[in-house]
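Just so you know, these numbers use all the heavy atoms, side chains as well, and skip hydrogens, waters and symmetry mates. Sequence positions, counted from 1, serve as the residue numbers for this chain.
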Amino acid sequence: MKIQNYAAFIGCLALTLFFFSAQSQTKAVLFEGIIVAGYVDHGAFINCAGPSIKFNKKPYTVLLGLLPSLRIKEDKVAAGATKNAALTPNLGFGLTMAFHHLAIQVPLYYNPKTATKNGKWNPGVGLGYKF
């Protein structure tokens, strides 16, 4: 990634820390109540916000954490080669922002190295609903 992307990420994180208050949680939460669908690496994903660091200032919520997901992507392979399943479970991580019931997400997913491609992180974008 370019230095500008890192600077933008650090700037957004700094603004989040200055304008939101952090509180400790008394119990562990595995599902935050946010469902998101979106686009990443020429495919789609459906996920829910999992374990995360949560910043809350009513009516805004910002989460930085893990995203258990189902990725929907059909691999393009040479004729006669084995194809992967179009629907695969995946774990990503990223930033989720919610305002009332609208959620916007910027996830990162890793595609492992294959015989034809190097492994790399792929950013995406998603839109969802907060229960």
Side-chain angles (χ1 to χ4, degrees):
M1 291 175 65
K2 294 183 181 180
I3 190 85
Q4 297 159 341
N5 293 347
Y6 286 119
F9 177 74
I10 297 298
C12 288
L13 186 60
L15 287 174
T16 301
L17 291 174
F18 288 123
F19 291 109
F20 292 92
S21 63
Q23 298 176 356
S24 64
Q25 216 170 292
T26 57
K27 60 180 181 172
V29 176
L30 294 177
F31 176 66
E32 191 61 41
I34 299 174
I35 300 282
V36 178
Y39 174 82
V40 65
D41 191 33
H42 306 294
F45 66 86
I46 300 169
N47 70 29
C48 58
S52 60
I53 298 172
K54 178 177 162 181
F55 300 97
N56 199 8
K57 185 171 184 178
K58 299 279 181 186
Y60 302 99
T61 303
V62 177
L63 297 101
L64 178 64
L66 300 175
L67 307 169
S69 309
L70 287 174
R71 288 193 54 194
I72 306 162
K73 181 180 177 187
E74 189 170 344
D75 291 335
K76 295 179 183 175
V77 296
T82 304
K83 290 178 96 175
N84 289 338
L87 186 66
T88 57
N90 202 335
L91 181 64
F93 93 103
L95 189 66
T96 306
M97 295 146 291
F99 176 73
H100 292 291
H101 293 290
L102 176 68
I104 298 172
Q105 190 175 77
V106 180
L108 292 166
Y109 292 101
Y110 185 75
N111 285 349
K113 183 178 179 178
T114 63
T116 58
K117 292 183 181 179
N118 287 330
K120 68 176 188 172
W121 286 93
N122 296 302
V125 64
L127 188 63
Y129 184 78
K130 179 181 177 186
F131 294 100

- Side chain proximity check, I53 to L63, heavy atoms < 4.5 angstrom: no
- Message: Assess the residue pair L91 and L66 against the criterion (side-chain contact (heavy atoms from CB on, under 4.5 Å)); give the C-alpha distance rounded to whole Å, side-chain angles, the decisive distance to 0.1 Å, and a yes or no.
- Response: CA-CA 7 Å; L91 181 64; L66 300 175; 4.1 Å; yes
Return a table of donor-acceptor pairs under 3.5 angstrom between the side chains of residues 119-131 and protein atoms on other chains or two or more places apart.
| from | atom 1 | to | atom 2 | distance (Å) |
| --- | --- | --- | --- | --- |
| K130 | NZ | T61 | OG1 | 3.2 |

- Are F99 and P59 side-chain neighbours, meaning at least one heavy-atom pair lies under 4.5 Å? yes
- Query: Does P112 have any side chain to side chain contact (heavy atoms under 4.5 Å, CB included) partners at least two apart in sequence or in another chain, and if so, which?
  - Reply: Y110
Please output the side-chain donor-acceptor pairs of residues 38-48 that fall under 3.5 Å, not counting sequence neighbours, one pair per line with the distance.
| from | atom 1 | to | atom 2 | distance (Å) |
| --- | --- | --- | --- | --- |
| Y39 | OH | H42 | N | 3.4 |
| Y39 | OH | H42 | ND1 | 3.3 |
| D41 | OD2 | K73 | NZ | 2.7 |
| D41 | OD2 | N111 | ND2 | 2.5 |
| N47 | ND2 | Q105 | OE1 | 2.9 |
| N47 | ND2 | Y109 | OH | 3.1 |

- Rounded to the nearest 0.5 Å, how far does NZ of K54 lie from OG of S52? 7.5 Å
- Query: Got T96 and L67 here, is their nearest side-chain heavy-atom distance under 4.5 Å?
  - Reply: yes
